[in-house]
Amino acid sequence: MKILVSADMEGATGVTWPADVLPGTPQWERCRTLFTSDVNAAVLGFLDGGADQVLVNEAHWTMRNLLLEQLDDRAEMLTGRHKSLSMVEGVQHGDVDGIAFVGYHTGAGSEGVLAHTYLANSITGVWLNGTRASEGLLNAHVVAEYGVPVILVTGDDLTCADADGYAPDALKVAVKDHVSRYAAVCRTPARTAADIRAAAKEAAALAVRRDPVRGGPYTVELEFDAAHLAMAATVVPGAERFGERRVAYTSETMYEGIRTFKAVTTVVSAAVEEQYG
């Protein structure tokens, strides 16, 4: 049994504000340990549950945040940027039986601790075939094309509620309760590590490959906080502008859809000016 762990940082234990997740800040350095603790707890739980292999895919910002030296020696970690499937890289090789979304968060325009979708700001909403979409929902559709079920989701309480929509059978662990975008009631790392490990052990039983889902076409709509960002996004082939701040594109598969999404967000991030956005 092989498990893929997609590890994001905003939904990690103790993380509540931007400096906690921005590489290079003192707070980020401190929170790397908390983030690694959550991921390592998932690794240990999956191994407890009978997994033979656990691959951790770094999925936050520079994708160089986790502390490899703190992971169980039986795990492996994929770190660094520029991967074909970004946050769920590794799922496409046909050997993954289940995936965990660890440290996830809610989407742009929604309530939730550090809520966003790919870009920390600038994007005010994302919809997939008319449904407001978080990174979890988008990635769940990608992995479904490879027959891989989402078996565990960790983050704040609203992230767990969001996951009920796209992965109803998955185990969920809330490591903190949302108060505002930059505040939460947090559990201690000892408590969250125990909770995540126990949930991962149980979730291992759900790691059974399924028939690939071919649910396309997929229409992705993005709303930005400024008109010039929507204009910039249309540089990407297929992305068409409608209204002042919105663009949309349609893909036959979510493999294509998530890659186009990454292209759009990369172009838009380059069009953001430091002071005026």
Side-chain angles (χ1 to χ4, degrees), residues 1-16 20-21 30-60 65-78 87-88 90 96-106 112-114 134-136 139-140 143 148-164 166-178 184-207:
M1 180 199 308
K2 181 175 180 179
I3 305 297
L4 178 64
V5 175
S6 174
D8 204 358
M9 194 171 184
E10 285 88 357
T13 294
V15 167
T16 61
D20 292 343
V21 297
R30 169 180 169 266
C31 288
R32 293 177 74 191
T33 298
L34 299 174
F35 179 32
T36 306
S37 174
D38 285 4
V39 171
N40 202 39
V43 169
L44 292 172
F46 287 127
L47 294 169
D48 291 343
D52 304 301
Q53 294 178 270
V54 181
L55 174 64
V56 177
N57 179 34
E58 268 256 23
H60 174 69
N65 307 278
L66 289 170
L67 300 172
L68 178 63
E69 58 271 28
Q70 292 184 14
L71 290 181
D72 188 280
D73 289 340
R74 295 167 289 179
E76 294 180 314
M77 186 170 76
L78 171 57
M87 298 181 76
V88 293
V96 173
D97 299 296
I99 188 168
F101 294 165
V102 174
Y104 269 49
H105 50 81
T106 54
V113 177
L114 294 174
S134 61
E135 291 168 11
N139 289 333
V143 302
V148 177
V150 179
I151 61 175
L152 174 69
V153 179
T154 78
D156 70 9
D157 56 326
L158 299 185
T159 299
C160 293
D162 178 53
D164 284 336
Y166 64 77
D169 297 331
L171 275 291
K172 286 91 177 178
V173 178
V175 301
K176 55 199 171 192
D177 293 332
H178 165 266
V185 177
C186 298
R187 284 71 148 159
T188 65
R191 178 176 168 188
T192 58
D195 291 345
I196 293 171
R197 183 171 184 174
K201 180 179 179 180
E202 183 178 350
L206 302 175

Q | Non-neighbouring partners of K2 that pass side-chain hydrogen bond (donor to acceptor under 3.5 Å, both in side chains), sequence neighbours left out | A | D95

Q. Should D72 and N40 count as side-chain neighbours, where that means a heavy-atom distance under 4.5 Å?
A. yes

**Q.** Other residues, nucleotides, ligands: >12 heavy atoms within 6.0 Å of E76 CD
**A.** no

Q) For K201, does the NZ atom sit with more than 12 other heavy atoms under 6.0 Å from it, leaving out its own atoms? A) no

(Q) Regarding D20 and R30, does a basic nitrogen lie under 4.0 Å from an acidic carboxylate oxygen? (A) no

**Q.** Aromatic plane relationship, F35 with H60 - under 30° parallel, 30 to 60° tilted, over 60° perpendicular
**A.** perpendicular

Q: Determine the minimum heavy-atom distance between P189 and S37, stating which atoms define it.
A: O-OG, 4.3 Å

**Q.** Any side-chain heavy-atom pair of M87 and N139 under 4.5 Å
**A.** yes

(Q) Testing the basics here: between A207 and M1, what is the closest heavy-atom pair and its distance to 0.1 Å? (A) CB-SD, 4.0 Å

Q: Could you please spell out the steps behind the side chain to side chain contact (heavy atoms under 4.5 Å, CB included) verdict for V88 and N57?
A: CA-CA 7 Å; V88 293; N57 179 34; 5.5 Å; no

Q.
Taking side chain to side chain contact (heavy atoms under 4.5 Å, CB included) as the definition, give me every residue that meets it alongside A184, ordered by chain and number, with sequence neighbours left out.
A. T16, V113, K176, C186

Q | Exercise: identify the closest heavy-atom pair between R197 and D48 | A | NE-OD2, 2.7 Å

Q.
If only side-chain N and O atoms count, and only distance matters, is there a donor-acceptor pair under 3.5 Å linking D162 with Y104?
A. no

Q) Quick one: OG1 on T154 to CG on D195, what's the gap to the nearest 0.5 Å? A) 11.0 Å

